[in-house]
Chemist: 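Questions regarding the structure given below will be posed in turn.
Heavy-atom basis, side chains included; hydrogens, waters and symmetry copies ignored. A, B, ... follow the sequence lines: proteins, then strands. Residue 1 opens every chain.
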Protein chains: 2
Amino acid sequence: MAVKDKGTEQLIKDTAKRIFFSEGKLHATTQDIADAAGVNRTLLNYYFRSRDILFEQVATEARQEMSAVLDPVFEAELEFKEKLEKLITVFMDQAMKFPYREMYVVTEFNRTSRVIPEEKKTIVKRFLKEISAEMDKGKIRKMDPKQFCINLFALMAYPLITTCLNKSLYNVNDAEYLKLMKDRKKLIFEMIYQ
Amino acid sequence: MAVKDKGTEQLIKDTAKRIFFSEGKLHATTQDIADAAGVNRTLLNYYFRSRDILFEQVATEARQEMSAVLDPVFEAELEFKEKLEKLITVFMDQAMKFPYREMYVVTEFNRTSRVIPEEKKTIVKRFLKEISAEMDKGKIRKMDPKQFCINLFALMAYPLITTCLNKSLYNVNDAEYLKLMKDRKKLIFEMIYQ
DNA sequence: ATTATGTTTAACATTTTTGTTAAACAACAA
DNA sequence: TTGTTGTTTAACAAAAATGTTAAACATAAT
């Protein structure tokens with residue numbers, strides 16, 4: 001019945017991630033997750049003690065996966081232009097796979113007002129400096145570098161957390177919306193980098 | 001104790017809206033709402049029969065309020081440039097007051113995959129045509145009009161649903177973030193209209 | 001075959017959240 | 001006063017979600 005390859009513990013976590021981050025059911029119950037994983041609900045307690053711990057663990061891994069993918073790009077020794085292109089590609093590929101992960105992190109953050117680790121803030125600060133330097137060079141429109149950063153992430157993240165609404169609003173099917181999202185990579189770059 | 005001016009029923013709805021849309025506690029319990037309103041929880045059942053009905057009613061009003069504010073702008077007899085400026089001002093003022101209303105509508109939409117009324121789709125179609133015409137005039141960068149629309153709403157909405165996260169990430173206080181958001185009105189316009 | 005170990009299950013217990021009822025209360029009219 | 005209406009409350013009931021326990025099960029080591 002259950003796929004035992006990677007072990008039940010991993011299966012449960014993967015299922016929880018799928019339900020939360022791919023299907024967007026951010027408030028699924030332990031029973032929902034157990035059913036989707038094809039295991040007895042008790043196993044969630046056996047492996048994770050409590051629902052809160054499972055949720056926290058999954059959320060932490062979500063943040064870590066996001067960092068694991070983005071940090072190397074932020075810290076890469078690349079020209080700003082290349083870094084920006086890379087960032088857009090990497091972020092959007094992730095967000096297309098887990099359209100609700102971003103939203104989950106945001107809502108969780110609102111709920112708990114978690115503290116952002118200094119190391120993360122340092123990365124952001126360095127990126128803001130790079131943006132500033134690029135503005136001085138005249139490569140991008142002059143503005144508060146924070147605004148540039150906010151624009152960038154807004155353009156990347158929002159269309160993916162509103163996928164469902166947009167498909168309905170603009171009358172496009174899955175394939176067409178996927179194409180729109182793929183096209184956005186180039187489009188976003190052209191919008192913010194001149 | 002309770003402010004009885006507008007009646008308890010209205011007080012409960014207003015409190016629910018505040019908790020959901022201003023404070024972002026999208027999954028507050030009936031007890032949470034009753035406490036915040038300073039009334040007995042039973043009153044929520046007395047006035048609304050069930051939690052679901054209260055939630056549905058509040059969600060419906062949220063959509064109506066959003067429409068009441070946005071539709072007149074969409075349908076106004078204005079030059080595209082003026083319409084766009086107006087739209088940005090109106091939408092962002094609303095979103096600053098109820099930063100989570102947008103997110104609530106999105107998550108609710110994901111959960112229930114509600115059908116969007118034809119009348120709403122018509123408004124969107126007309127707006128897309130206006131965008132198209134403006135591109136032909138060379139007033140805005142050429143692209144799929146849907147992409148233009150997606151960009152616009154992304155730039156307006158996302159920074160407000162990530163307020164909490166951004167303040168922490170960029171080390172800015174409430175006042176500074178408010179200024180950033182106010183400045184965005186002009187900035188967004190300049191970004192998408194040349 | 002037996003023991004030991006980790007895994008899974010069913011049955012039960014607890015907690016949290018929601019819904020119902022009947023009675024108390026206040027304001028007002030007859 | 002009494003009755004009427006709508007509002008509020010406390011006590012209770014029910015449902016939903018979560019957590020615990022002990023026993024069954026499988027597998028491999030002794």
Side-chain angles (χ1 to χ4, degrees), chain A residues 1-62 100 103-104 107-108 110-112, chain B residues 1-62 100 103-104 107-108 110-112:
Chain A
M1 176 194 299
V3 185
K4 245 184 117 180
D5 309 1
K6 289 181 297 174
T8 308
E9 181 168 354
Q10 194 57 43
L11 171 69
I12 292 171
K13 281 202 287 189
D14 287 345
T15 305
K17 282 177 192 172
R18 201 190 70 224
I19 290 181
F20 296 147
F21 306 143
S22 297
E23 296 172 16
K25 293 169 184 164
L26 297 185
H27 286 80
T29 65
T30 50
Q31 189 67 64
D32 293 335
I33 298 165
D35 289 349
V39 303
N40 191 291
R41 183 181 59 81
T42 314
L43 286 184
L44 273 66
N45 289 313
Y46 175 70
Y47 285 112
F48 303 97
R49 285 263 307 286
S50 79
R51 177 186 169 282
D52 280 356
I53 293 174
L54 167 61
F55 277 41
E56 192 44 54
Q57 196 161 323
V58 165
T60 300
E61 288 185 19
Y100 300 96
M103 188 178 243
Y104 180 74
T107 55
E108 275 295 299
N110 286 332
R111 214 171 52 80
T112 62
Chain B
M1 180 194 297
V3 186
K4 244 184 120 182
D5 309 0
K6 290 179 297 175
T8 308
E9 182 170 354
Q10 194 57 44
L11 170 68
I12 291 171
K13 281 202 286 190
D14 288 345
T15 305
K17 283 178 192 172
R18 201 190 69 224
I19 288 181
F20 298 147
F21 307 143
S22 297
E23 297 173 15
K25 292 169 186 165
L26 298 185
H27 286 81
T29 65
T30 50
Q31 187 67 64
D32 293 335
I33 298 164
D35 288 349
V39 304
N40 191 293
R41 183 180 60 81
T42 314
L43 286 185
L44 273 66
N45 289 314
Y46 175 70
Y47 286 112
F48 303 97
R49 284 263 308 286
S50 78
R51 176 187 169 281
D52 279 356
I53 294 173
L54 167 61
F55 277 40
E56 193 43 53
Q57 196 161 322
V58 165
T60 300
E61 287 186 21
Y100 300 97
M103 187 177 243
Y104 180 74
T107 54
E108 275 295 299
N110 287 332
R111 212 170 55 80
T112 62

Chemist: Starting at atom CG of B:Asp32, determine the distance to atom C1' of C:dT16, rounded to an integer number of angstrom.
Modeler: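 So the two atoms are 11 Å apart, to the nearest Å.
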Chemist: Is the cationic atom of A:Arg51 (NZ for Lys, CZ for Arg) positioned less than 6.0 Å from the six-membered ring centroid of A:Phe55 and within 45 degrees of its normal?
Modeler: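 Yes.
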Chemist: Taking side chain to side chain donor-acceptor pair (under 3.5 Å) as the criterion, tell me which of B:Arg18, B:Lys17, B:Gln10 meets it with B:Asp14.
Modeler: B:Gln10
Chemist: Measure CD1/A:Ile12 against C1'/C:dT8 and give the value in whole Å, please.
Modeler: 11 Å
Chemist: Looking only at side-chain N and O atoms, does A:Asp52 offer a donor or acceptor that is under 3.5 Å from a partner on A:Ser50?
Modeler: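 A:Asp52 and A:Ser50 do not have a side-chain donor-acceptor pair below 3.5 Å.
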Chemist: Can you check the A:Leu44 CG to C:dT9 P distance for me, whole Å?
Modeler: 12 Å
Chemist: Starting at CG of A:Leu43 and ending at P of D:dC25, how long is that distance when rounded to a whole Å?
Modeler: 16 Å
Chemist: Yes or no on side chain to side chain contact (heavy atoms under 4.5 Å, CB included) for A:Lys13 and A:Tyr47, after CA distance, side-chain angles and deciding distance?
Modeler: CA-CA 10 Å; A:Lys13 281 202 287 189; A:Tyr47 285 112; over 6 Å; no
Chemist: Please tell me whether B:Thr29 and B:Asp32 have a donor and an acceptor in their side chains that are separated by less than 3.5 angstrom.
Modeler: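 Side chains of B:Thr29 and B:Asp32: pair found under 3.5 Å.
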Chemist: If you apply the rule side chain to side chain contact (heavy atoms under 4.5 Å, CB included), what do you find for A:Tyr100 with A:Glu23, and how did you get there?
Modeler: CA-CA 7 Å; A:Tyr100 300 96; A:Glu23 296 172 16; 5.8 Å; no
Chemist: Can you measure B:Tyr47 atom OH to C:dT18 atom P for me and round it to whole angstrom units?
Modeler: 20 Å
Chemist: I'd like a list of close polar pairs between nucleotides 15-21 of chain D and the protein, N/O only, cut-off under 3.5 Å.
Modeler:
unit_1 : atom_1 : unit_2  : atom_2 : d
D:dT18 : OP1    : A:Arg51 : NE     : 2.4
D:dT18 : OP2    : A:Thr30 : N      : 2.9
D:dT18 : OP2    : A:Thr30 : OG1    : 2.9
D:dT18 : O4     : A:Arg41 : NH2    : 3.4
D:dG19 : OP2    : A:Arg51 : N      : 2.9
D:dG19 : N7     : A:Arg41 : NH1    : 3.1
D:dG19 : O6     : A:Arg41 : NH2    : 2.8

Chemist: Is the phosphate of C:dT7, meaning OP1 or OP2, less than 4.0 Å from a side-chain N or O of A:Thr8?
Modeler: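 No.
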